[in-house]
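In what follows, a single structure is set out as structure tokens and then discussed.
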Amino acid sequence: MPIFSNNALLRGADNVLRQSHRLFTSSNIVTSASRPALTQFRDILNTQITNIKDAGTYKMERIITSSQSTEISVEGTHKRILNFCANNYLGLANNPEVVNYSKDLLDKYGAGLSSVRFICGTQSIHKELEKKIAQFHGREDAILYASCFDANAGIFEAILTPDDAVFSDELNHASIIDGIRLCKAQKQRYKHRDMDDLEKQLQSSSARLKLIVTDGVFSMDGNIAPLPKIIDLAGKYDALVFIDECHATGFFGATGRGTEEYYNLLGRVDIINSTLGKALGGAAGGYTTGPKELIKLLRQKSRPYLFSNSLPPPVVATGIKVLEMLMDSDQLSQRVQSNTKRFRDAMNKAGFIIAGENHPICPVMLGDARLASIFADQLLSRGIYVIGFSYPVVPKGKARIRVQISAAHTTDDIDHAVAAFIDVGKSLKVIKD
Ligand code: PLP
């Protein structure tokens with residue numbers, strides 16, 4: 001027998017709502033007038049916000065009202081919008097097979113674990129996903145995190161001591177920079193992709209462990225770490241190699257195994273960190289994969305793993321299903337590669353400067369921050385959704401529109417985007433009439 005009837009439950013919920021509204025009445029909300037520190041705080045923040053706006057670098061967030069896809073609905077527009085700015089490289093973010101599997105595991109395993117992994121937050125599916133990740137990369141083991149940001153934040157402090165040294169490319173992702181800040185190793189930064197500079201620094205180091213750290217693909221420029229030379233230097237100076245493969249896993253290299261595969265160097269990197277939040281279904285989650293002793297130690301010492309909630313089952317399901325699909329067929333990675341070539345070739349021919357190398361990140365270089373923002377707005381009014389990037393995300397004077405190609409784009413989508421770029425490019429005098 002139920003203790004409460006449905007009506008009683010509804011009345012109860014109603015009361016809770018009324019009470020919570022009553023909690024915040026005008027008499028008990030602390031206003032700035034009664035708190036000078038709060039007034040000063042708001043002033044300081046507002047000054048910074050105004051400065052960012054004055055510099056033309058204030059980032060607005062457009063609101064999507066559909067699922068993530070190549071074709072989306074955006075609040076405030078009524079048109080069909082073609083999306084060219086997601087990290088949805090394989091178009092799997094709303095793939096029905098992936099979504100259905102995610103629903104199945106939601107039903108079977110629940111919404112979440114309400115726990116960290118080592119207390120009572122490890123389900124069989126977490127172990128299954130870790131096994132699949134290691135298998136996909138051909139590594140001994142893998143460990144999951146809530147994000148790759150966490151994986152990067154948690155690794156260096158856990159494995160490096162003051163006797164060790166870390167050599168990091170100056171343009172590595174913010175999460176690597178933050179992760180390195182947290183560790184006590186000797187910190188060396190080498191010039192972006194400059195192997196002479198890296199060699200000089202390795203030569204003069206007498207550290208116990210030397211760890212070279214680089215993004216596999218640099219997301220702002222779409223350019224690639226010189227991995228063959230890095231591996232040579234690691235051999236010569238007895239160093240280890242770590243790469244962040246967020247913009248490579250699943251789609252870069254012939255079968256999507258990433259930067260190692262792109263250079264025909266499969267298995268040569270010691271540690272790989274990557275994300276489930278981009279090509280691999282786009283939900284969330286990150287991981288480290290590598291030697292089993294490393295993974296064992298991270299489970300004991302890595303703070304974002306130890307002190308943060310387990311990945312929710314529907315998210316785990318997404319990773320499992322996508323990895324199964326990718327280990328079955330390389331059709332999607334082939335498709336994103338041919339789409340990329342089509343876009344880059346047509347844009348170069350039209351006179352645009354596209355940075356990067358053969359990668360679906362295609363930065364259309366414009367220089368001026370305001371121009372990039374106006375250009376992006378005009379493209380949106382033509383149904384193409386892209387974002388202008390400017391300082392501090394990229395160096396001053398190097399503003400750009402970062403176009404990202406997906407396997408899910410049709411050739412018509414690509415041609416339509418190129419035509420819109422040409423149209424706007426001519427009207428804003430970026431390319432010749
Ligand atoms: N590393 C790189 C190179 C990235 O581009 C990103 C995401 O933008 C991250 C790490 C963080 O990944 P996640 O979104 O899983 O935290």
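In listed order, ligands and their atoms are each counted from 1. What you see is a predicted model; the values in this text were computed from it and never measured.
- Regarding atom 1 (N) of ligand 1, its nearest protein heavy-atom neighbour is Asp244 OD2, 2.6 Å.
- Checking Ser205 against Gln188 by side-chain atom types alone, no donor-acceptor pair falls below 3.5 Å.
- Using a 4.0 Å heavy-atom cutoff, Ser175 is listed among the residues neighbouring ligand 1.
- Closest to atom 7 (C) of ligand 1 among all protein heavy atoms lies Lys278 NZ, 2.7 Å.
- Among all protein heavy atoms, the one lying closest to atom 5 (O) of ligand 1 is His247 NE2, 2.8 Å.
- If you look at Cys246 next to ligand 1, the close heavy atoms, those under 4.0 Å, all belong to the side chain.
- The protein non-hydrogen atom at the shortest distance from atom 16 (O) of ligand 1 is Phe149 N, 3.0 Å.
- A salt bridge between Glu199 and Lys236 is present, with a side-chain N of the basic residue lying under 4.0 Å from a carboxylate O of the acidic one.
- Ring geometry, Tyr89 versus Phe251: the interplanar angle falls under 30°, so the pair is classed parallel (tilted spans 30 to 60°).
- Taking the six-membered ring where the residue is Trp, the centroids of Phe118 and Tyr305 are separated by 6.0 Å or more.
- For atom 9 (C) of ligand 1, the nearest protein heavy atom (residue, atom name, distance) is His173 CE1, 3.4 Å.
- Set against the non-hydrogen atoms of Thr275, the atoms of ligand 1 under 4.0 Å away are 13 (P), 15 (O).
- Phe218 and His192 have their aromatic ring centers within a separation under 6.0 angstrom.
- His359 has its ring centre no less than 6.0 Å from the ring centre of Tyr262.
- Not less than 6.0 angstrom separates the ring centroid of His247 from the ring centroid of Phe252.
- With hydrogens left out, the protein atom closest to atom 12 (O) of ligand 1 is Cys148 CB, 3.4 Å, a heavy atom.
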